[in-house]
Each structure stands twice: as structure tokens, then as C-alpha cells.
There are 2 protein chains.
Amino acid sequence: MAAKSSPKLSILEQIAMVAKALGNPHRLDLLELLAQGERSVEGLAAASGLSFANTSQHLQVLRRSGLAVSRRSGLHVLYRTSGDDVLELLAALRRTAARHVEEIDRLMQGFFHQRDALEPVSRDELVGRLGDGTVTLLDVRPPEEYAAGHLPGAINIPLKELQRRLGELPDGAEVVAYCRGPYCVLAFEAVASLRECGRAARRLQDGFPEWRLAGLPVET
Amino acid sequence: MAAKSSPKLSILEQIAMVAKALGNPHRLDLLELLAQGERSVEGLAAASGLSFANTSQHLQVLRRSGLAVSRRSGLHVLYRTSGDDVLELLAALRRTAARHVEEIDRLMQGFFHQRDALEPVSRDELVGRLGDGTVTLLDVRPPEEYAAGHLPGAINIPLKELQRRLGELPDGAEVVAYCRGPYCVLAFEAVASLRECGRAARRLQDGFPEWRLAGLPVET
DNA sequence: CTGTTATTCAATAACTTTGTTGAATAGTAT
DNA sequence: ATACTATTCAACAAAGTTATTGAATAACAG
């Protein structure tokens, strides 16, 4: 078959390899974690709930396909995404999936929308409200992800600590909570929790990486 | 394992399914063909070199993952991409692969650059030169793809007919050839052939779908 | 109703992917 | 050199993917 050995098919095989690397939910999760900042295998295993060996195996797939790169730092190997284009690719993949896969709508309706019947705050809306005193930004990611980068003026209270640290949120302003990405459960749950306590709260449509990718200001 | 049944993992599984659908070179080829316009299974099998059954099988994967949709028209089932966002996703995938997979560079060096040592004409450069009489646009795709849509003023001469139809190309202007996408062999070979005949020729960086996606004018 | 055309399905074999288990490797501290 | 920590590797079983083959299905013409 002449087509089999064509240079174009060879190139398509390489492109397909990249897509295949994205074709596993655990690897998508790992990439979303890497989107928050560089991280060790141990840290990724802990955050993802995978075994060490399995985490390492998936990271090899990501590294070999070019989506992630690694460097040694003492005993630790630190992984990160290979470039912002990988985050753009992830965003495009999510957008296409959200638009054409009905099951995603069903899952959103069945879980997330029960908890957040209000529309999320869009990036543009938030940009317009920064600085006018009407919004308190709440980052519910773990502290090390917050430290790697966060939205300007955001307060970091991981979800587990939210109930007992409510006093740290200024009175009056609406709370806008954000997390790792558009499907991160933590922001949804933070909003639900805040509303139970009588606070006005919504979640941000984006996670931190999407905000940064849009060229918007970030703090470290 | 609590993570296994989480709604987020369920959503990631759906997103992974879309990526998996892209994880096969034949399906990428089929999507590039669909990017040129709606087409029957028979037509896709002929253009791709796959068997009918195998073509149909791959199309089921594309349809179930939401990347393509189909409609019956008499005996024929016509497939098309489900939206322009699918083409944007393909572009993002190619971009990431080209940037991070060294084998793609090697393949490009080994085959394509032997035939086109000049840089391709960028979209912006072409936009600037349309209408000034310095460029002849040559579309080397099959006539049915040309008919579905082409760059303004482009002449359609499929590669196989180029040698004997050289007289149809106006004298003096540089020929810019384009095809289905950035890795389509036909544009490369057209440029090589034209240069052998003493004509000034380069290829366009984009294929027709990328041009249209950029909002640039198209003719039908 | 029958025959033709176009397409899809089911079953199969071969290959690939995934997660686990236990071993091997690399870097560091003593 | 030895022990410890972090990571990766190899082998394996189970599940999934791919291409092929032959059958089944849907639409149309006569």
C-alpha cells in the first residue's frame, strides 16, 4: 500500500501520537496539575491518586509525546508542561468536547449545575470588576499551586479549611472562587459552601492557567 | 478509589475519548479530507486509500466522539466535520506536535525541504499580495474540493495534470500553490514541478481550511 | 417483489494500552 | 561502602484497538 510509507502518513503518525497521549483521563488530569506549575512525581501521584509506578508510566507517555518535559533536582524529578501551546491545545480539546459530546452536558447538569445554578463569572466580567471593590477573589487550590501563581489580590483558602476561615473573607463583596480549570470540583464546592453560610458567591469560568494564557495579570 | 467515580474523572473520560479519536493517523487524514467539504464514504475511501469497511469503522469513531456528523442523501451517507472548532483543534494539535516532536522536523527536513528550500508564503504575506498582480494562486486539490470552496482567483489544476496544462498559468507572476493542509504533499510536488519548468513558484503555508478559518475571503 | 448499490455490523486475529508487582537505577547522606 | 529516598523499568495479565472478512442492512430502480 503506497499510502503506508508516504511521508505525510509518517507525519500524521507523529501527530496522532500526541493526540493519543491526551487520550487517557489520568494524563489529562496530570496535565491540568502541571498547568498550575512544575511538580515532582511524588506530588503528582499524591494529587492525582495514582500509584507511583502508574504516575511515572503516564508521565513517560507525556514526555515522549512532547507534551511535558522533566529535569532532575536532587532526588526529585520535576515535570512541567513543555509550553503554553500545550495549554492552548487542552483548551481547544475541552471546547470541542464540551460542544459536541452530549454526555458532558449531562454530567454537568447532573453534578455541577445542582451546585451552581448561577452562570459562572466570565473572564471579561472579572477583568471589568477588578479594582472596583465589589469582588473578593478566592483561590481554593493547595498553597503550593497558589504560590506558583495566582490572580491579583486573590486570597488562598483551600476548600477543606473554608468553613473555619470564613472570617478572613471581607464582608460585603461578592466572592468569586477559582481553581485549576473549568471542571475542577473545588470551586463548585466552595461556592456551595459559601452560599450555605449566607455569602454571595460565584465561581470563575476559568482556572488559573486559562487566565494567565489570556495574558491577564498574575501575581506570584 | 474515590477518584474513580468522581464527576470530574467522568468528564475527563469524555474529553479523553475525543482525543483518542484523533489518536490515529488515518482518522486525522479523514478529518483533513472532511475539512475540504462534505463527502461520502466511497469518496473518503478512495481519497484515503482505506478499505470501505475500515473507512466506515473510522468514521463511526469520529461520529461517536462528536468530531464528525453524517446525513443520508439517497444511497449515500455524507460526512462532514461537526464544526469549525474541530478544525481549530486540529490546527492546535499540529502546532503542538510540530513544536515538540523532533521526528516531525526530521521528516520535514528529509522529505519536504528537499523539495521546497524556500520558506512557504505566509497567510499574511499572501493577503498583502492579493490583487497586486504579482501572484498566481494555484489550487492543486481535486476538482470537487475546489468546487466546495477555494481562495479568491485561484486556478484549479490537479497535480497529475500540471505538466500538460502549464500554459494555463499566466506568465510573469509567481505561482503560489496550495492544497488541503500544511503537510499535504501535492503542493510541495507542484512547486518542485513548476521550478523544473523554470517557473517561479512557492507553496502557501496553509491549506484551504486554515485560510477560511482565519476569516479570509473564499470563493465558491 | 427482486436486484443493485452503498454502507455498516459482527466476529476474529493480531497488536497496543493499562495497571500492577517486584526489581533495578540514580542521587544523596553518613 | 552502605543505607535510604525517589523514580523508572520489565514482565505480566487484562482490556482495548485495528484491519480484515463476510454477512446484514438501507435506499433506490425497475
Side-chain angles (χ1 to χ4, degrees), chain A residues 1-5 9 12-31 33-34 38-65 67-80, chain B residues 1-5 9 12-14 16-31 33-34 38-65 67-80 144:
Chain A
M1 183 190 291
K4 187 165 290 173
S5 58
L9 191 61
L12 290 176
E13 283 168 2
Q14 297 300 313
I15 300 175
M17 174 188 63
V18 177
K20 263 180 168 182
L22 297 173
N24 177 283
H26 298 309
R27 289 199 288 275
L28 290 175
D29 193 30
L30 290 170
L31 278 175
L33 290 166
L34 292 176
E38 196 175 45
R39 191 170 286 196
S40 69
V41 180
E42 185 179 44
L44 290 162
S48 65
L50 299 175
S51 69
F52 287 106
N54 204 12
T55 301
S56 181
Q57 211 165 238
H58 284 301
L59 288 169
Q60 302 321 307
V61 175
L62 291 176
R63 187 167 53 74
R64 279 199 285 271
S65 64
L67 293 167
V69 293
S70 63
R71 69 180 175 92
R72 271 262 181 197
S73 176
L75 286 173
H76 288 80
V77 180
L78 301 176
Y79 283 84
R80 69 180 196 277
Chain B
M1 184 189 289
K4 188 165 294 175
S5 57
L9 190 62
L12 290 177
E13 282 168 4
Q14 298 298 313
M17 175 189 62
V18 176
K20 264 180 168 183
L22 297 172
N24 178 284
H26 299 310
R27 290 199 287 275
L28 290 175
D29 195 30
L30 290 170
L31 279 175
L33 291 166
L34 292 176
E38 195 175 46
R39 191 170 286 194
S40 69
V41 180
E42 185 179 44
L44 289 163
S48 66
L50 298 175
S51 70
F52 286 106
N54 204 14
T55 302
S56 181
Q57 212 166 236
H58 283 302
L59 288 169
Q60 301 323 306
V61 174
L62 291 176
R63 188 168 51 73
R64 280 197 285 270
S65 65
L67 293 167
V69 294
S70 62
R71 70 182 176 92
R72 270 259 182 201
S73 175
L75 287 174
H76 288 80
V77 180
L78 301 177
Y79 282 84
R80 68 181 197 278
E144 64 271 26

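Throughout, protein chains are lettered first and strands after them, A, B, ... in sequence-line order, and every chain is numbered starting at 1.
Of the candidate nucleotides C/dT8, D/dT8, D/dA19, C/dT8 has the atom nearest to the side chain of B/Tyr79. In this structure, of C/dG27, D/dT8, C/dT7, it is C/dG27 that holds the atom nearest to the side chain of A/Arg72.
A sub-4.0 Å separation between OP1 or OP2 of D/dA19 and a side-chain N or O of B/His58 is present. Considering only side-chain N and O atoms, A/Ser51 lies nowhere under 4.0 angstrom from the phosphate OP1 or OP2 of C/dG19.
Taking 4.5 Å as the limit, every side-chain heavy atom of B/Tyr79 sits out of range of all side-chain heavy atoms of B/Val69. Residues A/His26 and A/Leu50 form a side-chain contact, since some pair of their non-hydrogen atoms from C-beta on lies under 4.5 Å apart. Inter-residue side-chain proximity for A/Leu34 and A/Leu44 is flagged as met; some heavy-atom pair is nearer than 4.5 Å. The shortest distance between side-chain heavy atoms of B/Leu33 and B/Ser48 falls below 4.5 Å.
Rounded to whole Å, atom P of C/dA10 lies 17 Å from atom CG of B/Asn54. Look at NE2 on B/His26: it is 8 Å from P on D/dT20, rounded to the nearest Å. Atom pair B/Met17:CE and C/dT18:P shows a separation of 16 Å (rounding to whole Å applied). Taking atom CZ of A/Arg71 as the reference point, atom P of C/dG27 lies 15 Å away to the nearest angstrom. Atom P of nucleotide C/dT18 and atom CG of A/Leu62 are separated by 11 Å, given to the nearest angstrom. For A/Leu28 and C/dT18, the CG to P distance is 11 Å, given to the nearest whole Å. As a whole-Å value, the separation of B/Leu50 CG from C/dT7 C1' is 15 Å.
Within the structure, the salt bridge (Lys or Arg N to Asp or Glu O under 4.0 Å) test picks out the following pairs touching residues 39-53 of chain B (sequence neighbours left out): B/Arg39-B/Glu145. Among residues at least two apart or in separate chains, salt bridge (Lys or Arg N to Asp or Glu O under 4.0 Å) pairs with a member in residues 16-31 of chain A are A/Asp29-B/Lys8.
Partners of B/Ser56 under the side-chain hydrogen bond (donor to acceptor under 3.5 Å, both in side chains) rule, at least two apart in sequence or in another chain, are B/Gln60. Annotation: side-chain hydrogen bond (donor to acceptor under 3.5 Å, both in side chains) contacts of A/Arg80 (sequence neighbours excluded): none. With sequence neighbours excluded, the residues satisfying side chain to side chain contact (heavy atoms under 4.5 Å, CB included) with A/Gln14 are A/Met17, B/Val101, B/Glu103, B/Ile104, B/Leu107. Evaluation of the salt bridge (charged side-chain N to carboxylate O under 4.0 Å, His left out) rule for A/Arg71 yields A/Glu38 as partners, not counting sequence neighbours. In this structure A/Ala45 satisfies the side chain to side chain contact (heavy atoms under 4.5 Å, CB included) test together with A/Phe52, A/Thr55, sequence neighbours excluded.
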Could you go over nucleotides 9-15 of chain D and give all protein N or O partners under 3.5 Å, atom names and distances?
none

List every contact pair, protein side and nucleotides 28-30 of chain D side both N or O, where the distance is under 3.5 Å.
none

Quick one: which protein N/O atoms are closer than 3.5 Å to N/O atoms of nucleotides 14-17 of chain C? Pair and distance per line, please.
{"unit_1": "C/dT17", "atom_1": "OP1", "unit_2": "A/Lys20", "atom_2": "NZ", "d": "3.1"}

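Looking at A/Ser40, its side chain does come within 3.5 Å of a backbone N or O of A/Gly43 through a donor-acceptor pair. The main-chain N or O of B/His76 is never found under 3.5 Å from a side-chain atom of B/Ser73 such that the two would form a donor-acceptor pair.
The nearest heavy atom of DNA chain D to B/Val61 and to A/Val41 marks one nucleotide each, and the one closer to the 5' end goes with A/Val41.
From one end of the helix from C/dC1-D/dG30 to C/dT30-D/dA1 to the other, with five pairs defining each end axis, the axis direction shifts by 20° (rounded to 10°).
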Exercise for review: Decide side chain to side chain contact (heavy atoms under 4.5 Å, CB included) for B/Leu62 and B/Leu59; before the verdict, give the C-alpha distance in whole Å, the side-chain angles of both, and the deciding distance to 0.1 Å.
Suggested key: CA-CA 5 Å; B/Leu62 291 176; B/Leu59 288 169; 4.3 Å; yes

